[in-house]
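Atom set for the values below is all heavy atoms of this structure, side chains included, hydrogens, waters and symmetry mates excluded.
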Amino acid sequence: MLRATLKSHTPAVKSLRKTLVIYVVIGTLLPLLLVGVVTYSSIYSILSGKIGNGISASLRQEAVSLENAVDNLDFASKQFALDGQIVEEMSSFLQEKQIYRKSQIMNSINQKINLVNFTNPYIGLTAYIMPGSDDPVLFTNMSTRRNFDISSLPTFMRYNGADYYGPHNTMYAVGDNLVFSEQRIVRVTGQQQLYIYLETNYSLLRKIFNQEAYGMKVNHLLVNQQGNITNVLDGKLPAQIVKAAGGSSTLTHEELGGYHLFRYESPQGWKLVSVVKKSVFNSEIYSWFYKMILLALSTLAFAGFLAWLIWKRIYGPLRKVNLEIIRMAENVTAPVSFTNVEEFDFVLSNFQQMKDQVNELILAVARNEKQKSQFEIEKLLSQINPHFLHNTLNTVQWLARLNGQKEIDKLVTLLVKVLHYNLGKQSIIVTIAEEIEAIRNYMELQRIRYDYEFEFNVQVDEAVLRAAVPRFLLQPLVENSIYHGLSDNGKVDVIITAHGANEVLLCVKDNGAGTDPEMIEQLLSDNGAKERGLGIGFSYVTRMLRTYYGEQMTLLMDSKPGEGTTVSIIIPRKNKEDFDD
């Protein structure tokens, strides 16, 4: 009875191999499935947005090119129709009776036509025409068709006092390219009606409406200024799409009847519409979807193979390694027993090395604890020396006052303040006001030392006086200006101002001998200051700026031989509590 009860409570044995296969498949496919489901909508919107933005950008570029073509026609026509000299010559030509004089005027007009066409490469056929005449074409730079008739051309728009037509076949006698044309009246003397007729370059429209700019098949629809004529520039489209393109819709993008319509409405009054089939528009999205399916199937096959490989190649040796790890936890000094598998034996040998290193680290920790107490004693001794120096200087100051030595008293007072600031126990972070006060004391000492041979000026924006900086930041720069930058009648300026809304600009300027760009580059390098004889001061400033500001600071040195040197530091404006002192 007891035996039957124990048997009934024995848990069912599960196959580790099946469990491993299930876990590996789930662990491999589940993230892929989740990523695919979560990102599908995002990827769809991103890809469709990218494709739509690309089509809109190409459409806008084409429209701008067409607007420029119209503007070029407008500019050129104004040269022919409004320029006083050529209009006067045309009036003289129409009224002149002498053949010789008329021939001279004709040559002059032809030269001007050729000149304007040469300076406007986007202009094609150019002609002065007089409708109603037996031969309406008076002057032209190219031969025109015999049936030259502007009234048969499709109206495009009226713009800046001229009529525009197109797209239509060129009036050039031996050409059949699509062009845009313009007709502008020329105000000449007399009753004659004279016009200037211009066409775009014969290949301009082919260059503007280029399928390669889209990377996919796109149809173009051009709607005239009145909105009643819609031209299909390439291919054929359903009537409802053509009608929708010429409608009054102001949407820049819409889907209609299995097509995407992208619109651009020109300030000149016409519209340009790009039409793309949905299947073409979504081809990249479909490609991504098929690749995801292929990736999922490949991942499934790989997961099954990986699970089988793990079971066959890894589980047995891994179990043996686990036993060795347990043994090492129980007895650190016991040697490991290898598995005769190269990779796992390599892991076990690393465990053995780790065990030896742990023993060495335990001994090292013990030694470090002993040295720590010695370092604390040395730190206390290093603090005694500045304290002794301060006490001694205070004694000298007291004796100077007692004996009426005001200059010595002043000198020692300044020196005590400078030493107290540089060697004191206050925080490494100070305000700009405190730093400026220390600089003034230091420079007063230097001026006494050099018998007031140089000037020292400080200009500080009151708005930044409470901003915090690392202590002892400006004194090394000022010291370098004195030792390496000053000559006779020297001058050192310290200028501190706000730089933008959240930065501070600190400048140290001198009027010394200056230096060349190569030397500046060496000084700004890590070891350049020491190599150029600037000691540890400049290196300290550079290291301090990098420590507290990193990439947020800017250190610049501007110097020219004979004009002095300017060191500029731009740092973020912070308060003391913003620093981890």
Query raised in the report: Please walk me through it: do V541 and L473 pass side chain to side chain contact (heavy atoms under 4.5 Å, CB included)?
Result: CA-CA 6 Å; V541 173; L473 181 63; 3.9 Å; yes
Requested in this report: Begin from the C-alpha positions of I428 and Y548 and carry the test side chain to side chain contact (heavy atoms under 4.5 Å, CB included) through to its verdict.
Outcome: CA-CA 11 Å; I428 193 66; Y548 284 95; 3.1 Å; yes
Requested in this report: Indicate yes or no for a side-chain donor-acceptor contact from S58 to the backbone of I55 under 3.5 Å, with no hydrogens or angles considered.
Outcome: no
Report summary line: In short, I432 meets V460 closest at the heavy-atom pair CG2-CG1, 4.4 Å
Query - Residue from Q446, E444, R440 passing side-chain hydrogen bond (donor to acceptor under 3.5 Å, both in side chains) with Y442 - result: Q446
Query raised in the report: Could you go step by step and tell me if T565 and K509 meet the side chain to side chain contact (heavy atoms under 4.5 Å, CB included) rule?
Result: CA-CA 6 Å; T565 302; K509 303 172 60 176; over 6 Å; no
**Report entry** Donor on one side chain, acceptor on other, Y264 and Q61, under 3.5 Å
**Finding:** no
Query raised in the report: Taking all atoms of both residues into account, what is the closest heavy-atom pair of I495 and T497, and its distance?
Result: CG2-CG2, 4.0 Å
Requested in this report: Kindly compute the distance separating OG1 (T200) from NZ (K207), expressed to the nearest 0.5 Å.
Outcome: 11.5 Å
**Report entry** Worked check of side chain to side chain contact (heavy atoms under 4.5 Å, CB included) between I571 and L505
**Finding:** CA-CA 7 Å; I571 57 175; L505 172 63; over 6 Å; no
Query - For S568 against C507, the heavy-atom pair lying closest together - result: OG-SG, 3.5 Å
**Report entry** side chain to side chain contact (heavy atoms under 4.5 Å, CB included) partners of E254, counting only residues at least two apart
**Finding:** S249, L251, L261, R263
Requested in this report: Could you grab the distance from atom CG of L556 to atom CD1 of I570, nearest 0.5 Å is fine?
Outcome: 6.0 Å
Query raised in the report: Less than 4.5 Å apart, any side-chain heavy atom of N120 and any of Q79?
Result: yes
Query raised in the report: Can the positive tip of K491 be found less than 6.0 Å from the middle of the six-membered ring of F454, inside 45° of the ring normal?
Result: no
Requested in this report: Measure the shortest side-chain to side-chain distance between L272 and W270 over non-hydrogen atoms and say whether it is less than 4.5 angstrom.
Outcome: yes
Query raised in the report: Is the side chain of N480 donor-acceptor paired with the backbone N or O of P476 at a distance under 3.5 Å, no angle test?
Result: yes
**Report entry** Contact summary for A468 and N575, nearest pair of heavy atoms
**Finding:** CB-C, 3.7 Å
Query raised in the report: Are T566 and V508 side-chain neighbours, meaning at least one heavy-atom pair lies under 4.5 Å?
Result: no
**Report entry** Which atom of A463 lies closest to which atom of R573, heavy atoms considered
**Finding:** O-NH1, 4.0 Å
Query raised in the report: Counting only heavy atoms not in Y122, do more than 12 fall under 6.0 Å of its OH?
Result: no
Report task. Verify the neighbour count for atom NZ of K277: are there more than 12 heavy atoms of other residues, nucleotides or ligands below 6.0 Å? Result -> no
Query raised in the report: Do M216 and V276 have side-chain heavy atoms sitting under 4.5 Å apart?
Result: yes
Query raised in the report: For the residue pair H260 and F281, does the interplanar ring angle fall in the parallel (under 30°), tilted (30 to 60°) or perpendicular (over 60°) class?
Result: parallel
Query raised in the report: Is the shortest side-chain N to carboxylate O distance from K576 to E434 below 4.0 Å?
Result: yes
Query raised in the report: Do L204 and F180 come close enough that some side-chain heavy atom pair is under 4.5 Å?
Result: no
Query - Carboxylate-amine/guanidinium proximity below 4.0 Å for R471 and E435 - result: no
Report summary line: In short, V116 meets A76 closest at the heavy-atom pair CG1-CB, 4.4 Å
Query raised in the report: Hey, are the side chains of N457 and V492 touching, using non-hydrogen atoms and a 4.5 Å cut-off?
Result: no
Requested in this report: Assess whether atom NZ of K271 is packed by more than 12 heavy atoms of other residues, nucleotides or ligands within 6.0 Å.
Outcome: yes
Report task. Report yes if the side chains of P267 and E67 come closer than 4.5 Å at any heavy-atom pair, otherwise no. Result -> yes
Query raised in the report: Angle class for the F262/H253 ring planes (parallel below 30°, perpendicular above 60°, tilted otherwise)?
Result: parallel
Query raised in the report: Can you tell if the side chain of V494 reaches within under 4.5 Å of the side chain of I436, non-hydrogen atoms only?
Result: yes
